[in-house]
Amino acid sequence: KGVAGGLFWGGLVLAAGVANLVFHHQAFFVMMRTGWNLRLGMTRVLHDKLLRLRRSDVAAHVPGGTLYSLVAADAQRFDNLAPFVHSPWFSVVAVCVVWALASLVVGPVPAA
């Protein structure tokens, strides 16, 4: 093993880091963009709904600033949630890969 083995494992760690950089950032960008689109779509739907309501009904029950604050806060949740949709299933895959690599080094029972 020696130096060649160390270089091999070091190369694998480097390759895993580069793969994580490429795939994670690509998926994160796509999901961020999905969150932006969901937020904008929800804002548009709520805006259209508010335009159909009578002004006197809206003004009598809810002040304008409060209504804007509610729409902005609720729609912002799409932006906050969307990038992390992949976390549950990817965490399971990551744990399995780590266990597989650890079992190659120390054996399957001690790796658990």
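In this text, all values refer to a predicted model and were calculated from it rather than measured experimentally. Note that these values count all heavy atoms, side chains included, but never hydrogens, waters or copies made by symmetry.
- Within 6.0 Å of atom CE in M42, 12 or fewer heavy atoms from other residues, nucleotides or ligands are found, so the atom counts as exposed in its surroundings.
- To the nearest 0.5 Å, the span separating CG on N37 from CE on M32 amounts to 11.5 Å.
- For the atom pair NE2 (H47) and CG (L40), the distance works out to 13.0 Å, reported to the nearest 0.5 Å.
- Distance check: H86 NE2 to S91 OG gives 12.0 Å after rounding to the nearest 0.5 Å.
- Every residue meeting the salt bridge (charged side-chain N to carboxylate O under 4.0 Å, His left out) condition with R44, not counting sequence neighbours, appears here in chain and number order: D48.
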Side-chain polar contacts of residues 13-23 - donor-acceptor pairs under 3.5 angstrom, sequence neighbours left out - could you list them?
none

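- Rounded to the nearest 0.5 angstrom, L101 CG and W9 CH2 are separated by 6.0 Å.
- Pairs of residues two or more places apart, or lying in two chains, that qualify as salt bridge (charged side-chain N to carboxylate O under 4.0 Å, His left out) and include a residue from residues 21-40 are R39-D79.
- Taking L81 as the reference, nothing meets the side chain to side chain contact (heavy atoms under 4.5 Å, CB included) condition, with sequence neighbours excluded.
- Remark: F8 engages no residue in a ring pair (Phe, Tyr, Trp, His ring centres under 6.0 Å) (not counting sequence neighbours).
- For residues 24-45, every residue pair satisfying the ring-ring contact (aromatic ring centres under 6.0 Å, His included) rule, not counting sequence neighbours, is listed here: H24-F28, F28-F84.
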